[in-house]
Amino acid sequence: MSAAGPAESSPPSANATAPSKSSSPRAGPFAGSAVTWTSTTTQSADTPAPRMSDRSVVNSYVRLLKQGTVTAPPPPALPKPRRALRGIMSRPERLRPDEATGLKEIRAACPELNAVDHVRAFGSLMHEHRGNDLDEWIEQVRRHDLPALWQFADGLLHDRDAVVAGLSSTWSSGQVEGQVTRVKLLKRAGYGRAKLDLLRTRILLQP
C-alpha cells in the first residue's frame, strides 16, 4: 500500500482575475471615485461638445436685448492719416459721396479739423494768384480758435510783401528747382569716374 504524497499545487489559470487596486486597503475610500472620474474624462474628451444652433444664438441675443444688457457696437475704425489728408486737400467737387461723408464724420469727431476751409481758401489764393486777398484770409483765420493757423499767419506777416508778390506773380521757382535736380543727377552719374571739367561740360551742353 503506497502512501499518497502531498498534493501538488496547480499553476494559476490565465483566466484568473487579478485583484483590483480598488480592493487594496491602500487605495482608500476614494478609489471608486477616481475610477469613475477617469472614465468620465475619457468619454468627454472623445465626445464632441454640443454646438449652439443659430436659433439659440438669436434667442439669447433677443433676451439680452430685452433686458437692456446688450453691449453697444464697436465704434467705426478711424481712417488712415493719408486718406484724411487727401480729403482735406482735395476740392469738394472732386470728392466722391463716400469720401465727403467720411470727411464730415472726421470733422465732427475732431473739431481741430475745422481748419479745412481755411486751408482750401489759402490753396485758392495760390492757384488763382490772388495775393491781395491775403489780409482778408488772415482775418478769417483769427476769428477761429486755431493756434496752428495763427502761427502760420504770423509767419506770413513777417515778410508780407514777399508773400503777396509770390502769391500774385505767375512766375515760380519750378525752373530753378528742376535745374538743381538735373545737376545733382549728372553729378551722381559721374561720381568717381570723371573730373570737374567733364561735369561742367555735361551741365552746359546736355539738355
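Just so you know, these numbers use all the heavy atoms, side chains as well, and skip hydrogens, waters and symmetry mates.
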Can you tell me how far apart [atom1] ([X]) and [atom2] ([Y]) are? Round to the nearest 0.5 Å.
{"X": "Arg86", "Y": "Leu103", "atom1": "CZ", "atom2": "CG", "value": "11.0 Å"}
{"X": "Asp133", "Y": "Ile138", "atom1": "CG", "atom2": "CD1", "value": "11.5 Å"}
{"X": "Leu125", "Y": "Glu136", "atom1": "CG", "atom2": "CD", "value": "9.0 Å"}
{"X": "Trp150", "Y": "His144", "atom1": "CH2", "atom2": "NE2", "value": "11.0 Å"}

Q) Is a salt bridge present between Arg96 and Asp98, judged by a nitrogen-to-oxygen distance below 4.0 Å? A) yes

The salt bridge (Lys or Arg N to Asp or Glu O under 4.0 Å) partners of Asp161 (sequence neighbours excluded) come to none

Between Lys184 and the options Thr181, Leu186, Val180, the side-chain contact (heavy atoms from CB on, under 4.5 Å) test singles out Val180

**OP:** Any chance you could lay out the side-chain contact (heavy atoms from CB on, under 4.5 Å) test for Leu156 and Phe122, step after step, and finish with the verdict?
**Re:** CA-CA 12 Å; Leu156 296 179; Phe122 188 82; 3.9 Å; yes

With side-chain contact (heavy atoms from CB on, under 4.5 Å) as the criterion, how do Arg193 and Leu198 come out once you've worked through the C-alpha distance, each side chain's angles and the decisive distance to 0.1 Å?
CA-CA 10 Å; Arg193 297 183 296 175; Leu198 179 59; over 6 Å; no

ask   = Is Val119 reachable from Met126 through a run of I, L, V, M, F, W or Y residues, each pair having side-chain heavy atoms under 4.5 Å apart?
value = no

_Please tell me whether Leu85 and Leu149 are part of a single hydrophobic cluster in this structure, the criterion being side-chain heavy atoms less than 4.5 Å apart._
no

Indicate the atoms forming the closest heavy-atom contact of [X] with [Y], along with that distance.
{"X": "Ser124", "Y": "Arg130", "answer": "CB-NH2, 3.6 Å"}
{"X": "Ile106", "Y": "Ala84", "answer": "CD1-CB, 4.1 Å"}
{"X": "His129", "Y": "Ser168", "answer": "CB-O, 3.6 Å"}
{"X": "Ala189", "Y": "Arg202", "answer": "CB-NH1, 4.4 Å"}

Show, in sequence, the C-alpha distance, side-chain angles and deciding distance for Asp117 and Arg107, and conclude whether the side-chain contact (heavy atoms from CB on, under 4.5 Å) test is met.
CA-CA 11 Å; Asp117 298 332; Arg107 295 181 62 178; 3.4 Å; yes

_Take a 6.0 Å sphere around CD of Glu128 and say whether it holds more than 12 heavy atoms from other residues, nucleotides or ligands._
yes

Checklist entry - What do you reckon, is CZ of Arg182 surrounded by more than 12 foreign heavy atoms closer than 6.0 Å? => result yes

Under a 4.5 Å cut-off applied to non-hydrogen side-chain atoms, are [X] and [Y] in contact?
{"X": "Trp137", "Y": "Leu167", "answer": "no"}
{"X": "Leu196", "Y": "Leu199", "answer": "yes"}
{"X": "Ser90", "Y": "Glu99", "answer": "no"}

For this session: Quick one: do Arg142 and Asp154 satisfy side-chain contact (heavy atoms from CB on, under 4.5 Å)? Show the steps, please.
Result: CA-CA 10 Å; Arg142 295 191 180 279; Asp154 292 339; 2.3 Å; yes

